[in-house]
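Just so it is clear, the model here is predicted, and its values are computed rather than measured. Worth knowing before you read on, the calculation uses all heavy atoms, side chains too, and leaves out hydrogens, waters and symmetry mates.
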Amino acid sequence: MLTGSKTTFKVRQMLPDIKERMLSQSGVSARSRDVLGLRCLPGECVLQRAVMVRKKLSAREGRGWVSGTLFCTHFRVAFVPQDSPKPDDNADPVLLGDHDVALASIEKVVVVGPNRTKLVTPNSSLKFTPEELVLYCRDLRVVCFLFDRLTPDAQVLEITYTIAKTYQPPKPGSVLSFQNAALGSVEMKQFLSNRRRNTDMNWFESASDWEHELERSGASGWRVSSVNDRFEMSTSLPRSIVVPQKVLDTELKKSFAHFNEGRIPRWCWRHPRGSDLLRMASFQNNIYHEKDDIRNLEMILFGCQSSLCVVVELDEELPSPADIQLAHSRLRALCLGDISTSVSVPDDKWLSTLESTHWLDYTRSCLRKASEVACLLRGGHLTVALQEADDRDMGCVVCSLVQVMCDPHCRTQSGFQSLVQKEWVMSGHRFYSRINYHRDNDKEEAPVFLLFLDCVWQLLSQYPSRFQLTGDFLLALHDSIHLPLFSSFLANCQRERCKRSQNPGQSYTPVNGWRDMLHPDSSSDPSDPPLPSVWDWSLQYSKHRRDRFTQPMPPIPPLQPLLNGNLNTNPDSHRLTDTIPGSVFLLSRGIFSCPANLLPWRSGSSGVYKKSHRRAASSENVPGLERLLKAWAQAEFPQGLTSSSGPQGPLDPYEPLLPLLMGPCMGLWRECYLRGALHAQAFSHPVSANHPHPVERLAREVQQLKDKLEQVSTGTDLNPPTKMAEPRRTDTNLNQNTNNGTFLFPASRPQSAGNPRAAPPPTSTNHQTSQGFPPASAAPSRPGHRDNGGSNKHTFLFGHSSVAEARPDQRYYPAPQNAKLPKSNGIQSAPPHDRL
Amino acid sequence: MEKSGSIDSLGSKRSSSRQPSVDSLSSTSTSRSDRSAQAKAASAMSCDSGATPTELSPELRVKPKTAAKQVPRDSDKEEPQLLPNETVHDMAQDVTYFCPFIGAMRGTVTVTNYRLFFRCMDREPSFVLDLPLGVVSRVEKIGSASSRGDVSYGLVCKDMRNLRFAHKQLEDTLRKSIFEVLVKFAFPVSNGLQIFACEYGQVFPENGWKVYDAVSEYKRQGIPNESWRVTKVNDHYEVCDTYPSTLAVPVNIPDEELKRVAAFRAKGRIPVLSWIHPESQATVTRCSQPMVGVNGKRSKEDEKYLQAIMDANAQSHKLFIFDARPSVNAAANKMKGGGYESEDAYQNAELVFLDIHNIHVMRESLRKLKDVVYPNIEDSHWLSNLESTHWLEHIKLILAGALRIADKVESGKTSVVVHCSDGWDRTGQLTSLAMLMLDAHYRTIRGFEVLLEKEWLSFGHRFQLRVGHGDKNHTDADRSPVFIQFIDCVWQLTRQFPAAFEFNENFLVTILDHLYSCLFGTFLCNSEQQRLKEEIPKRTVSLWSYINSQLEDFTNPLYVNYTNHVLFPVVSLRHLELWVGYYIRWNPRMRPQEPVHQRYKELLAKRAELQKRVDDLQREVTNRSASSSERAGSPTRSITPVQTFV
């Protein structure tokens with residue numbers, strides 16, 4: 001019925017046809033392959049295909065064109081290059097191939113005909129046979145397919161209509177059907193439910209996860225409280241929060257009311273110099289402060305530092321979510337260009353138009369704020385509390401940026417994933433509302449997380465060798481945001497996520513009825529597919545792409561201090577020894593002040609702390625703090641730049657990576673935003689001029705060599721009783737064995753071929769066999785570590801999900817005061833529920 | 001070559017005697033990060049204190065002979081390390097230098113016949129400014145004596161910076177200020193002195209004057225062949241005094257006819273071969289504009305000549321003439337007797353205008369750029385300010401033009417003729433960039449030197465006029481940053497194809513630094529004829545002598561020799577960047593955060609090391625498995641299959 005005629009026909013007519021074809025093509029076996037080499041997901045069916053199609057390759061892919069077959073399934077638009085290797089039927093399913101586009105990430109479908117271009121909507125009809133098909137994606141990709149003259153016209157038209165019909169223009173309700181298309185099949189559900197979780201990272205889901213973070217950063221004086229275990233205290237906070245040890249849960253409970261949404265000051269991270277980083281929402285002002293309350297509030301706010309607390313105000317200088325949304329939409333419009341409307345900014349206005357989006361200004365202001373905080377922290381022995389009205393947007397950005405700058409662990413892939421898990425997913429960034437998958441809440445939409453990724457990219461581009469993760473990783477994360485498939489992003493807080501994951505016993509609905517925004521109709525519909533986490537990368541990307549997520553060579557701290565020309569790096573000159581206990585300052589616009597109403601309970605009426613407050617405001621202290629930021633401020637006004645800093649000793653690896661923030665230093669993330677820009681080239685060339693970036697190639701080569709070496713060395717360097725677990729399998733074991741609660745080793749390292757650390761094969765054999773506790777031999781296997789007085793408790797893990805303990809590489813602070821771990825503390829070791 | 005031994009020993013002497021100051025002097029450049037880490041530590045400090053202007057002393061690394069023989073100086077001494085035949089002419093204490101980044105500081109100024117040297121001892125580490133006088137464009141006394149009796153001088157430099165000094169009013173009114181003395185040596189040409197390059201007596205192990213030989217370069221390209229010949233018609237520069245003596249022309253045009261063609265081309269710059277495609281025989285030829293004039297004059301010989309160029313390429317029956325100018329400008333040139341080829345007169349030729357503006361527009365654009373980047377950058381309007389200079393837009397047009405030429409030659413297999421008005425500015429930019437895209441040989445260090453020697457120096461880019469070496473007349477309308485633009489375009493190419501070039505950013509910066517420094521003879525004079533007349537190769541040292549003697553400083557560790565690859569860069573402004581490492585390098589806050597090259601080298605070393613280990617281990621495995629086959633049950637038995645994984 002569909003002929004090659006170029007006459008008009010309505011897409012609607014095709015609907016039954018699609019259904020029909022779906023049925024006919026979704027073969028007997030769900031794992032069947034299409035004849036032309038598309039590896040289908042379980043339950044996925046091909047709706048339409050077109051042969052002899054060429055795909056335009058980006059500069060990263062080597063430019064030029066590659067020919068192959070184009071498919072449209074009800075989940076994705078897939079492209080299989082002609083000479084691609086035969087798919088392996090036994091491999092685990094990967095959602096998207098290297099050339100594929102998920103339907104949900106398509107934003108617009110445009111066809112280019114002989115003399116014209118046309119936007120194709122589900123209802124549009126074509127009066128010509130397209131020569132080119134252009135898919136504009138939400139993640140700023142532009143994918144371009146060229147039809148050959150030999151492609152049958154009928155196929156061209158049909159696949160165009162099919163894509164236009166099925167790509168799900170943004171409307172409420174389409175998300176669920178997309179999820180079902182991707183993950184809804186029985187096989188897929190089963191596959192997902194059997195999936196093991198990545199234990200290299202900290203998921204921050206349970207109290208023990210937080211305890212590990214405390215231990216890793218060497219923070220003493222803090223404990224994990226489960227006072228919010230049923231989300232009674234704050235609906236948006238996670239179950240476990242970290243508070244000062246000296247505050248009891250009963251006391252703690254009274255403080256929630258003093259903060260917006262109950263988001264009390266919580267510990268996030270400790271700087272190796274002993275400063276603590278806290279986050280909180282704004283104060284509730286219209287509340288009566290009882291004397292006891294005040295004592296507790298002060299204790300919570302000051303944490304373990306008795307002397308000094310700096311409240312960093314985030315709302316004023318940083319962009320609001322609405323600003324970010326506007327800037328991002330402008331940036332999109334600028335970078336994508338648009339064939340169909342030919343509204344593309346002319347080249348000679350590119351720079352000023354880019355400037356007028358303000359996107360770079362916003363990244364700069366976030367980085368600047370984070371740099372300020374990082375400088376404050378390195379002064380040592382103070383508490384820095386980031387305060388934002390609702391503590392769910394810029395608080396996440398700044399808090400995590402500070403950690404990326406200061407903590408080398410956060411610059412590794414697993415560390416970064418843990419960081420996002422800690423500061424974004426668990427601490428209640430409203431991913432679901434901010435991304436607005438359902439297109440039903442445009443007011444709330446704001447790509448705050450993407451702004452954060454851009455900031456990280458800026459750091460990465462200025463300090464490429466200080467990161468273990470790569471730009472490819474950031475890009476993958478950027479793109480994943482646009483797929484409504486991941487539990488990480490499909491909820492606004494841990495509470496919603498718990499509800500989604502059908503743990504009714506653990507979630508709790510308050511009497512006043514918390515509206516389930518997620519699934520108004522089918523919140524507990526058991527047919528919903530289980531949603532994977534975004535960190536399950538092997539589900540999304542092929543191994544070859546995942547290999548590019550990390551640098552093959554671990555970053556080494558450089559030998560000399562990196563003066564970026566804007567900081568006096570001598571820490572001792574900034575020691576704030578002279579501060580009076582109990583001083584609170586406000587840092588706003590780069591200036592310290594001590595406004596009377598900073599802490600509502602100290603101001604005016606209550607009067608209890610008035611005296612000490614006055615004392616704190618004495619003039620001696622403010623200059624001390626001013627000094628702290630002075631060097632930083634000097635960077636902004638080069639006239640004041642001093643060169644007083646003398647040569648340093650060996651570089652402190654925790655020296656913050658302070659980015660250069662001048663105009664010419666803020667780059668545009670071209671690999672992300674200009675990936676698809678079709679107008680970029682003056683005219684296109686079929687000749688591929690260059691291959692992937694040589695550093696990448698070099699990196700890959702090094703990786704391959706390492707792999708090879710790993711294989712060879714595991715065999716040769718180890719002495720006899722090697723029951724030879726196959727080297728390739730060590731990795732998979734690492735991933736799969738996580739629920740056993742066994743101790744895991746970091747992936748064996750080829751560099752250490754000759755040293756005792758490289759003894760993984762015996763252990764991998766061990767943990768294959770052991771179900772419960774690891775053999776005692778596991779303990780000495782962590783030679784790089786602080787001696788725990790013989791305690792091998794790290795190797796005993798809690799039975800449930802908290803296997804994440806085995807991250808020996810993450811611990812970085814062998815400080816002496818650390819000998820007393822929070823976990824070994826009597827109060828702490830009690831199960832959380834006992835304290836309620 | 002036999003001198004290399006002495007250099008080595010000198011080098012070691014240097015490292016023992018004045019390590020600290022050399023490090024602080026030489027390692028401040030933006031991308032010269034592949035120095036040793038220790039050196040970096042020192043330089044990082046000194047860069048913070050603004051000791052950046054010492055960029056131009058990399059030659060210190062190859063130790064000047066005379067200075068080495070002198071008493072080893074402490075880096076604390078107030079005098080600079082002198083080059084051979086460099087002499088101190090004046091010194092002044094208590095001079096204030098107003099650094100726009102650090103602030104005012106007092107110190108000592110030394111003026112030699114080569115440089116201005118300022119050192120401030122009050123700071124730790126001491127601040128040093130080392131400025132070759134060739135960089136100075138003009139010296140101006142700013143204002144009258146202030147109330148405190150200070151006189152202040154501004155030095156406007158050719159390399160994107162201005163310096164300001166002040167000192168006390170001299171009591172002895174007869175005595176000249178040090179800055180008056182400086183003027184004499186900064187502008188030797190105007191003062192009847194010799195340019196320092198003619199005195200500089202450094203001996204390098206390599207002789208850069210031998211880098212380029214026209215005949216062997218043509219030979220490399222396969223010339224002469226059946227369609228092209230090498231002619232000596234210009235041996236005495238009689239046909240064209242701005243062309244080289246050796247030219248490649250179509251075989252069937254006799255020398256006599258060449259002279260008649262020369263009469264029709266501006267300044268006698270006839271179309272001659274720049275590059276020939278090794279396979280298709282499509283050629284890039286360059287010339288000046290035809291003398292068409294308002295009356296539309298024609299020249300039979302010229303028409304026949306272009307036909308011969310087209311016929312030399314059997315693959316195509318078309319010829320593209322790229323006129324670099326905007327069509328309006330080309331038309332305006334008719335009033336002055338010039339113009340462009342009419343398509344009526346030249347059959348099968350297609351004329352394309354590339355819209356590149358003239359030297360005056362470019363000069364103005366760079367001036368605006370300097371205003372935007374030095375000394376302070378307005379962050380909030382940085383991009384729109386940059387846009388308003390149009391600098392990147394000009395870069396884009398030049399690259400786009402070169403890309404079209406390269407595309408016609410490579411993809412279209414068509415010969416092209418390139419010209420502008422005189423054929424020594426825009427034409428040189430276009431042909432050399434196109435050749436860089438087309439021929440991998442020019443992307444090596446020596447190849448690039450050949451390219452500069454050939455397309456720029458021998459074909460008469462007027463360096464003396466465009467740069468104004470030693471000339472105090474800074475308002476001369478012939479000054480223009482044409483060559484800087486070209487190097488900028490090359491830098492853009494290296495950004496887009498990081499592995500395609502054997503040289504690194506440091507190489508390009510060094511070339512630009514010595515474009516002004518007047519230390520080497522390479523960029524002196526306007527043409528081959530002048531250079532020969534002035535005996536430049538005999539009297540001066542070539543820049544390539546210096547560079548080729550320490551190649552490791554200029555090598556790109558990632559270089560992969562893609563022999564047959566043609567580079568087609570993306571020329572959209574969206575993918576061009578301002579060359580921060582050159583234009584904003586004086587700003588201490590712009591220093592790159594990371595020694596990227598260091599990282600590359602580490603990766604390369606790591607790869608080599610791993611490769612070696614893999615090889616070793618595999619060898620061991622094979623050995624063992626060989627022996628284990630004798631002793632059954634050997635533990636390594638299970639390993640063998642692993643090798644299949646490659």
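Residue A:L668: no heavy atom, backbone or side chain, is found under 4.5 Å from chain B. Neither the backbone nor the side chain of B:S388 comes within contact range of chain A, judged by heavy atoms closer than 4.5 Å. There is no contact between B:L397 and chain A, counting heavy-atom distances below 4.5 Å.
Note that NZ of A:K349 is 10.5 Å distant from CG of B:L573, once rounded to the nearest 0.5 Å. Rounding to the nearest 0.5 angstrom, the gap separating the CE atom in A:M662 from the CD1 atom in B:I584 is 6.5 Å. Atoms CD and CH2, on B:E393 and A:W350 in that order, are 14.5 Å from each other to the nearest 0.5 Å. Rounding to the nearest 0.5 Å gives a distance of 10.5 Å between CG of B:L383 and CE of A:M666. Distance check, rounded to the nearest 0.5 Å: CD of B:E387 to CG of A:L354 gives 10.0 Å.
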Stepwise side-chain contact (heavy atoms from CB on, under 4.5 Å) test for B:R574 and A:D347: CA-CA 7 Å; B:R574 287 156 166 79; A:D347 232 17; 2.9 Å; yes

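Between chain B and the residues A:R670, A:E355, A:H358, A:R364, the largest count of heavy-atom pairs under 4.5 Å involves A:E355. Contact count against chain A (heavy-atom pairs under 4.5 Å) is highest for B:H381 among B:E609, B:M437, B:H381.
Other residues, nucleotides and ligands place more than 12 heavy atoms under 6.0 Å from the NZ atom of B:K368.
Using a distance-only test at 3.5 Å, with no hydrogens or angles considered, a donor-acceptor pair links the side chain of B:D379 to the main chain of A:G663.
Between A:P664 and B:L578 there is no side-chain heavy-atom pair separated by less than 4.5 Å.
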